[in-house]
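Since the structure comes first, as structure tokens, the remarks are kept for the end.
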Amino acid sequence: MPAALPAQQLSLDSMLAATAARITAACPISGEPDALLRHESRLARYATERHTDSLAPLACVRAHLYRTGTIARSSWNQPEGEGWHEGAVR
């Protein structure tokens, strides 16, 4: 993949920063990636039991995992090969 031109990189960086700001505003949680992964795992297990009250928090944790650049894994309603941002939207 060719390297981005400086103007393109600046645009991409600003879009990613705006996305991160929106995620933080909509989902006021924090934590290191390892803690977020453990939390995602607990919420995903809870969601499999049809507890719909876990879906919004699960989406938020996945959005923060995306924001932190954590490598995605398969999980409830998130097949292998999909990114955290896709799992958050589902």
Side-chain angles (χ1 to χ4, degrees):
M1 176 179 238
L5 299 173
Q8 291 172 320
Q9 185 63 47
L10 180 61
S11 177
L12 177 60
D13 290 345
S14 64
M15 286 189 293
L16 290 173
T19 300
R22 287 186 188 111
I23 290 169
T24 302
C27 301
I29 61 172
S30 61
E32 295 297 314
D34 286 343
L36 291 170
L37 283 167
R38 287 190 301 274
H39 193 50
E40 191 277 342
S41 183
R42 283 190 300 273
L43 289 169
R45 279 194 308 274
Y46 196 58
T48 63
E49 299 168 3
R50 305 220 185 269
H51 294 280
T52 57
D53 59 330
S54 69
L55 297 180
L58 179 60
C60 282
V61 169
R62 288 177 175 176
H64 277 284
L65 286 165
Y66 164 73
R67 182 187 55 79
T68 61
T70 304
I71 295 173
R73 63 179 183 206
S74 63
S75 185
W76 177 82
N77 206 25
Q78 180 171 317
E80 183 89 24
E82 286 192 352
W84 289 121
H85 62 291
E86 294 165 307
V89 172
R90 284 182 183 249

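Scope of the values below: all heavy atoms of this structure, side chains included, with no hydrogens, waters or symmetry mates.
Taking both residues in full, the closest heavy atoms of A63 and A88 are given as N-CB, 3.9 Å, listed atom of the first, atom of the second, then distance. The minimum heavy-atom distance between W84 and I71, with the atom names listed, is NE1-O, 3.4 Å. E40 and S75 get closest at one heavy-atom pair: OE2-OG, 2.7 Å. Heavy-atom minimum distance, A26 versus C60: O-SG, 4.3 Å.
Here R62 contributes atom CZ and I23 contributes atom CD1; the two are 13.5 Å apart, rounded to the nearest 0.5 Å. In this structure, L58 CG and L43 CG are separated by 5.5 Å, a value rounded to the nearest 0.5 Å. Taking CG of L37 as the reference point, atom OG1 of T68 lies at 7.5 Å (rounded to 0.5 Å).
Cluster annotation: L65 and Y46 are assigned to distinct hydrophobic clusters (Ile/Leu/Val/Met/Phe/Trp/Tyr, side-chain heavy-atom contacts under 4.5 Å, transitive). The cluster map of Ile, Leu, Val, Met, Phe, Trp and Tyr, joined by side-chain heavy atoms under 4.5 Å apart, puts V61 and L55 in the same cluster.
Side chain of H64 to backbone of L36: no donor-acceptor contact under 3.5 angstrom is found. Under the 3.5 Å distance criterion, the side-chain polar atoms of E82 are left unmatched by any main-chain donor or acceptor of S74. Remark: side-chain polar atoms of T24 are not paired, donor with acceptor, to backbone N or O of A21 under 3.5 angstrom.
Sparse packing is recorded around CD of E32, with 12 or fewer heavy atoms of other residues, nucleotides or ligands lying under 6.0 Å away.
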Are E86 and Y66 close enough, and set up right, to give a side chain to side chain contact (heavy atoms under 4.5 Å, CB included), and what steps lead you there?
CA-CA 9 Å; E86 294 165 307; Y66 164 73; over 6 Å; no
